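Everything on this sheet refers to the single structure shown next.
We're numbering straight along the sequence, starting at 1. Just so we're clear, the structure is a prediction, and the values are computed from it rather than from any experiment.
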Amino acid sequence: MHRRDLLVGGAVSSAALLAAAAIADAAPVSKPPPAPPLPKGKTPPGLGKHAPVPLAFKPGALTGISEKMITSHHDKNYAGAVKNLNKVEIDLAALPHDAPGYLVAGLREKQLTYGNSLVLHEHYFGNLGGTGKRSGALETRLGTDFGAGAWEAQVRATATALGGGSGWVVVGLSLHDGSLVISSSGNHTQAVAFGAPLLVLDMYEHAYAIDYGAEHAAYIDAFFKNIAWDVVEARYDRAMKALTALG
Ligand SMILES: [Fe+2]
């Protein structure tokens, strides 16, 4: 090929590229698809705008957990955590970019503490107000996976181990591998990384001291008498659907 042919070929290629670029510039910019809507009832409240959820039962209607106890727990401890979460979120949003690491780390830790406290308390209060009678797909599976009655014995033993201290006992569904998991947390933050809480028991002393002092075993008995099992089964059904959707 002669040098002239190469030059001509190069000129043609350059012209083609310029024409293509001009067409691309003239083409309308396609808009990104709209974000899918959030499920009903799952609209985030916004930073610093969490609000306590009222009790779904009459506070004087529980068996072995007094109105004074449950009201104090709900209105002071739980509502206090919600209030603190709001403050922490606002403080985090206001941090300058050059904020010292210890300040950021401290606030992030508190964000998790109060955020998990909100979630766990809402599950705890949400699974109270029933008769303790159990039936359904989860009840059947708990018997299959742990042995008849064994899961309750394990929950009781785990709660007893926390008695006199503080923490939570959670029966949850792992959204990682679909297994049912009984776990405990010595504070608010030791949660299963990718789990859906199904049955939640608050073992902080603020949950029973007014009624039972240090007698946490009596409180554990009372807890089992007040479980709203229909709520727990509905959580299991929802979590299984989420597990399926996650693939
Ligand atoms: Fe609590």
**Report entry** Close aromatic pair by centroid cut-off 6.0 Å: H73 and F125
**Finding:** yes
Query raised in the report: Do H50 and H121 have ring centres separated by under 6.0 Å?
Result: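 Ring-ring flag for H50/H121: false, centres at least 6.0 Å apart.
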Query raised in the report: Just one of D145, L199, L180 clears the side chain to side chain contact (heavy atoms under 4.5 Å, CB included) bar with W151, so which one?
Result: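 The passing option is L199.
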Query raised in the report: Out of V169, V171, I182, which residue meets the side chain to side chain contact (heavy atoms under 4.5 Å, CB included) rule with Q154?
Result: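 Between Q154 and the candidates, side chain to side chain contact (heavy atoms under 4.5 Å, CB included) is satisfied uniquely by I182.
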Measure the shortest side-chain to side-chain distance between [X] and [Y] over non-hydrogen atoms and say whether it is less than 4.5 angstrom.
X: M203; Y: F223; value: no
X: Y236; Y: L142; value: no
X: L128; Y: F57; value: yes
X: R141; Y: L173; value: yes
X: F194; Y: L246; value: yes

Query raised in the report: Would you say Q190 has more than 12 foreign heavy atoms packed within less than 6.0 Å of its CD?
Result: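 Correct, the count exceeds 12.
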Nearest heavy atoms of [X] and [Y], plus distance in Å:
X: N127; Y: R235; answer: OD1-NH1, 3.1 Å
X: P44; Y: L38; answer: CD-CD1, 3.3 Å
X: S184; Y: T158; answer: CB-CG2, 3.4 Å
X: W168; Y: L162; answer: O-CD1, 3.4 Å
X: V53; Y: Y78; answer: N-OH, 2.7 Å
X: L175; Y: A239; answer: CD2-O, 3.7 Å

Strictly distance-based, threshold 3.5 Å: is any side-chain N or O of [X] a donor or acceptor partner for the main-chain N or O of [Y]?
X: Y212; Y: G64; answer: yes
X: N226; Y: L62; answer: no
X: E233; Y: L138; answer: yes
X: Y219; Y: D211; answer: no
X: E89; Y: K49; answer: no
X: S117; Y: T113; answer: no

Report task. Answer yes or no: is there an ion pair linking D237 with K241, defined by an N-O contact shorter than 4.0 Å? Result ->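 Judged by the 4.0 Å cut-off on N to carboxylate O distance, D237 and K241 do form a salt bridge.
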Could you state whether [X] and [Y] fall into the same hydrophobic cluster, counting links through intermediate Ile, Leu, Val, Met, Phe, Trp or Tyr residues with side-chain heavy atoms under 4.5 angstrom apart?
X: V192; Y: Y124; answer: no
X: Y114; Y: V104; answer: yes
X: L55; Y: V82; answer: yes
X: L95; Y: I90; answer: no
X: I210; Y: Y208; answer: yes

Query raised in the report: From L120 CG over to L201 CG, what is the distance, rounded to the nearest 0.5 angstrom?
Result: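 These two atoms lie 11.0 Å from each other.
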Requested in this report: Working to the nearest 0.5 Å, report the span between OG1 of T189 and NZ of K110.
Outcome: 9.5 Å
Query raised in the report: Please walk me through it: do T160 and H216 pass side-chain contact (heavy atoms from CB on, under 4.5 Å)?
Result: CA-CA 7 Å; T160 302; H216 54 265; 4.1 Å; yes
**Report entry** Quiz item: cation-pi between R156 and F224, 6.0 Å / 45°
**Finding:**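 So R156 does make the cation-pi contact.
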